[in-house]
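See below for the structure under consideration.
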Amino acid sequence: MTTTRTPRERAAFLTDGCDHVETLSELAQRLETGRPLRVYLGLDPTSADLHIGHAVVLRLLQRFVEDGHDVILLIGDFTARIGDPSGRNALRPPLSTEQIEANMQTYAAQAGKVLDMSRVTLRYNSEWLSKLTFSDIYKLLSQTTVAQMLERNDFKQRYENGTPIALHEFVYPVAVAYDSVAMNVDVELGGSDQLFNLLISRPYQVHAGQLPEICITVPLLEGLDGEKKMSKSLGNHIGLTDPPNDMFGKTMSIPDRLIPRYARLAAWWPAERVAELEAGLAAGRVSPMDEKKRIAEDLVTMYHGRDAARTARDWFERTIQRREIPAEMPELPLGGHSKVADVIVAAKFAESKRAAARLIGEGAVKIDGAVVEDPAARWTATGPAVLQVGSRKFVRVIP
RNA sequence: GGGUCGGUGGUCGAGUGGUUAAUGGCACCGGACUGUAAAUUCGGCUCGCGAAAGCGAUACGCAGGUUCAAAUCCUGCCCGGCCCA
């Protein structure tokens, strides 16, 4: 714990780079008491994989760990079972218990890539939510009005557009608010899209005779498309468990205007360095591609280590930029297939034989560097041969 | 509960009895180009069999029906929006 800084300075340090803090002075006051604060982040186990967008808030949580606070990672197993409002304006189906269990298994491990899990308490909100009686829930619901709910942008838009809003979706923010009450927390973190959900915890805590939590939100990282927020279901994400080459390549694919954003939120460059980068880009002093490579390399280093990052960079430069055939690639036994299209399907480079035949017709398929032209071509190589589909899918086929 | 409109391919959205897997946008895949997996541009985008021309199967909420022929008409059911209660 830092003792040389004033509470105000500590509060500013802890919330550096955050979107919204409700409120900074409360945080400073709370820090002034000298006791470790109880800080939590809620995650819904709705998908099995965390991505680098999640890492932004996990990193903030880690900052609180390092500052000596009681940090809780709350898995929303109960809320996930009920179903919740999703930012995609669609009703998200409730998950089965098995799915949730499976997802939760991988969560802690993946969060551990950013968070020091040995200093984090893992909790599940079924612990208290499943014990509430119907009359408890009635009392909780009476504390919030429909008008307040409709203030939330997502609900407002959906109501105006005539998109259905199920009643249970109104209950979801209340359930999340109750999490804060049940754990009597001092600080709650979330993405900026969660601000509403975080804020309504405060009156609930006051009502329960607690101090209202300080709500801190972090910027949402845009996905690879540069348009929507990063999300696995949109397929525009970089997973924390993605292999090095994928991480590197995906980072290279972001639109140029996202470079500073990724430098800051994905590669965690300090604010000054990002400012410098922005100035350099604007003035045309630095090459966007080189900067992307730096960001990509830093990112891969974070999750796979320096060597893997270097290898990934090398792979990208050879295979993608210079279109060379990579030195290493998976091997696939020919397994009695006689047509090239069948081998493509066996290598999982196409979903069906028709799709494979189309790829050949498009000139996308090469064997040992030579384009295959006939969609019905037979596999004629007698020794190991490199099958390439598109510019980055390779497999060594062993007869 | 009553009225009314609607449920189309990964998604949005045309299409209202007849060469046809179904216009188009987006997404996705591929070619060219490029510092780039960006932008642009061109092409592809249900599955199986066949060397190929082709043949066959499945598809417009679900189940039946009418018809030589239905995503398109009829009946029932399921689901949803809006208005009224």
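Numbered from 1 within each chain, the chains take letters A, B, ... in sequence-line order.
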Establish, with yes or no, whether the OP1 or OP2 oxygen of [N] is under 4.0 angstrom from a side-chain nitrogen or oxygen of [X].
X      : N     : answer
A:S287 : B:G35 : no
A:K353 : B:C49 : yes
A:R323 : B:A32 : yes
A:S391 : B:A37 : no

Rounded distance (Å) that lies between atom [atom2] of [N] and atom [atom1] of [X]:
X      : N     : atom1 : atom2 : answer
A:E317 : B:A37 : CD    : P     : 13 Å
A:E351 : B:C29 : CD    : P     : 11 Å
A:K393 : B:A37 : NZ    : P     : 15 Å
A:L224 : B:A39 : CG    : C1'   : 17 Å
A:D342 : B:C47 : CG    : C1'   : 14 Å
A:R354 : B:A52 : CZ    : C1'   : 13 Å
A:E291 : B:G35 : CD    : P     : 18 Å
A:E362 : B:C29 : CD    : P     : 12 Å

Work out how far the [atom1] atom of [N] is from that of [M], and round it to whole angstrom.
N     : M     : atom1 : result
B:A21 : B:C79 : P     : 33 Å
B:U8  : B:U46 : C1'   : 15 Å
B:A71 : B:C33 : P     : 44 Å
B:G3  : B:G9  : P     : 29 Å
B:C26 : B:A14 : C1'   : 15 Å
B:G76 : B:A27 : C1'   : 38 Å

Just to be sure I understand the rule, does A:R378 reach a base, reach only the sugar-phosphate, or reach nothing, if contact means heavy atoms closer than 4.0 Å?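 Here A:R378 touches the backbone only, sparing every base.
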
Just to be sure I understand the rule, does A:G390 reach a base, reach only the sugar-phosphate, or reach nothing, if contact means heavy atoms closer than 4.0 Å?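 Touches sugar-phosphate only.
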
Check if the side chain of A:R257 and the base of B:A38 share a donor-acceptor pair of N or O atoms closer than 3.5 Å.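 Absent.
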
Indicate whether the side chain of A:T217 and that of A:D19 have a donor and an acceptor atom separated by less than 3.5 Å.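 There is no such pair (donor and acceptor under 3.5 Å, judged by atom type) between the side chains of A:T217 and A:D19.
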
Rounded distance [0.5 Å steps], CG in A:D242 versus NE2 in A:H237: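 Rounded to the nearest 0.5 Å, the CG-NE2 separation comes to 5.5 Å.
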
State plainly whether the residues A:E222 and A:R257 are in salt-bridge range, i.e. N to O under 4.0 Å.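 Here A:E222 does not pair with A:R257 in a salt bridge, since their nearest N and O are not under 4.0 Å apart.
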
Check this for me: does any side-chain nitrogen of one of A:E297 and A:K293 sit under 4.0 Å from a carboxylate oxygen of the other?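 A:K293 and A:E297: not salt-bridged.
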
Assign the ring pair A:F316 / A:F248 to parallel, tilted or perpendicular, where the plane angle (0 to 90°) is split at 30° and 60°.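 It falls in the tilted class, 30° to 60°.
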
Would A:V176 and A:E188 count as a side-chain contact (heavy atoms from CB on, under 4.5 Å) if you check the C-alpha gap in whole Å, the side-chain angles of each, and the deciding distance to 0.1 Å? CA-CA 11 Å; A:V176 172; A:E188 179 173 3; 4.1 Å; yes

